[in-house]
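Just so it is clear: chains get the letters A, B, ... in the order the sequence lines come, proteins before strands, and each one is counted from 1.
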There are 2 protein chains.
Amino acid sequence: MAILGLLNQAPMHGYELRKRVLVLLGGFRALSYGSLYPALKRMRENGWICVPDPADATRVLPADAPPLTGKRGKVVYALTAEGKERFQDLLTEGGPEAWEDERFGVRFAFFAQTEADVRLRILEGRRRRVEERRDGLRASLGRTRERLDRYTLELQQHGLDSVDREVRWLSELIDHERVDGTQIDRKKNNPPASTS
Amino acid sequence: MAILGLLNQAPMHGYELRKRVLVLLGGFRALSYGSLYPALKRMRENGWICVPDPADATRVLPADAPPLTGKRGKVVYALTAEGKERFQDLLTEGGPEAWEDERFGVRFAFFAQTEADVRLRILEGRRRRVEERRDGLRASLGRTRERLDRYTLELQQHGLDSVDREVRWLSELIDHERVDGTQIDRKKNNPPASTS
DNA sequence: CTGCGATATATCGAATCGATACACTTGCCC
DNA sequence: GGGCAAGTGTATCGATTCGATATATCGCAG
């Protein structure tokens, strides 16, 4: 999704893609080369991205031709129509996949292009998820507090504080979403969201 | 290291090992089965761990014998002398490997068994590392602040706050280490650690 | 004009993940 | 006393990812 989203903004090289993913996620995990290039290859085979011919921009290079080791070879990738479509689909998804740890960060980074109701759904799902973890952690810590040494305790307390902070952060975001959205659906039916 | 450290406390099954690693790290990443069992196999081949014969505890089962699919098969793993040695070596390590993201958590979880000077070295290394990230993030955020949409900004700010919090946490721990350690090496030579 | 650091593509082997298969145990309801 | 769901437990498969590395070009400082 990160690759699709970045290429949706502008075509670019693999190398720059890598750098941008890094800053996009705020300096946490960066796509290794061993993931990046195979991923680009796969996406090209899937028809989501293509490599425009630098000599003739109306044509694209065939997916099987260039191993291009030897001479000079910069490869600019661009989104195809299918790729844009795929990205739009991802932006519309509001299910559990969107709020799990691995995906939420990237998903959130493209929130500006996501519909307000989907944003709210994802934020609430994410908060529920993190609250679960917080409660589990709290319970486990309460149970074992006296058996743990100073450092294990400190580590778990720090972890608990972190998830707690994330819950508060998400709550602020949700509040913000709600007041921004209120103007539109004013006092319309607001069933307390059966939490299913 | 997590496996060695847990088996150092008591022999146990792979399944329980998995659960304990999960709580050890405070509910973040849990060893998948696809990592766990191959890892145990490797460690057994390396001679770090063994499987005591349940019938005769003085003997251990050979490393190649039991695929044991079919009947009943619980496999209890225990540390060998080499395994204990290996774990002690890891506890002594105070280099950069000990303070990188992936390892620091586990490393810290076993701090109670680590020497005071090694603890301090690791904490300071870790703090330096996290400060670098914080400064990089801050700089990048300052440079691009006005170009970012509300959500990307929010994400990066939250990330920055998180690393900032970690720096403060580490600083508190370091202060604590210093006052606890002072009694022992009183006013001995304290060269300012050439930062190399 | 040399050497160094950034840009850039690519691959290799090993480790990891996520899903799943299989089998036994325990508790609990009807 | 039967059934069956949830938990315990070992194990592997294919796909993905990582970390290290090879190779080559570009820009520019000394």
Rounded to whole Å, how long is the line connecting atom [atom1] of [X] with atom [atom2] of [N]?
X	N	atom1	atom2	value
B:K19	D:dG7	NZ	C1'	9 Å
A:R103	D:dT17	CZ	P	9 Å
A:I3	D:dT16	CD1	P	13 Å
A:E102	C:dG18	CD	P	6 Å
B:I49	D:dT10	CD1	P	11 Å
A:D101	C:dT16	CG	C1'	17 Å
A:L36	D:dT16	CG	C1'	14 Å
B:L31	D:dG9	CG	P	16 Å

>> On DNA chain D, compare the nucleotides closest to B:P38 and B:E16; which residue's is nearer the 5' end?
In response: B:E16

> Mapping B:K41 and B:H13 to their closest nucleotides on DNA chain D, which lands nearer the 5' end?
Replying inline: B:H13

>> Would you call the rings of A:W169 and A:F104 parallel, tilted or perpendicular, taking 30° and 60° as the class edges?
In response: perpendicular

> In terms of ring plane angle, is the pair A:F108 and A:F111 parallel, tilted or perpendicular, where the classes change at 30° and 60°?
Replying inline: tilted

> Where the side chain of B:Y15 is defined as all heavy atoms beyond and including C-beta, which of D:dG9, C:dT11, C:dT7 is the nearest nucleotide?
Replying inline: D:dG9

> Nearest of D:dT12, C:dC17, D:dT8 to any side-chain atom of B:K74?
Replying inline: D:dT8

> Can A:Y151 and B:F110 be said to form a ring-ring contact (aromatic ring centres under 6.0 Å, His included), step by step?
Replying inline: CA-CA 8 Å; A:Y151 296 102; B:F110 293 110; over 10 Å; no

Respond yes when some side-chain nitrogen or oxygen of [X] is under 4.0 Å from OP1 or OP2 of [N], and no when none is.
X	N	answer
A:S35	D:dT17	no
A:Y37	C:dT9	yes
B:Y33	D:dA11	no

> Just checking A:G14: base, sugar-phosphate only, or nothing, at a heavy-atom cut-off of under 4.0 Å?
Replying inline: sugar-phosphate

> How is B:R42 classified with respect to the nucleic acid when contacts are heavy atoms under 4.0 Å: base, sugar-phosphate, or nothing?
Replying inline: sugar-phosphate

> For B:R165, does the CZ atom sit with more than 12 other heavy atoms under 6.0 Å from it, leaving out its own atoms?
Replying inline: yes

>> When you measure from the centre of the six-membered ring of A:W99, is the NZ or CZ of A:R129 closer than 6.0 Å and no more than 45° off the axis?
In response: no

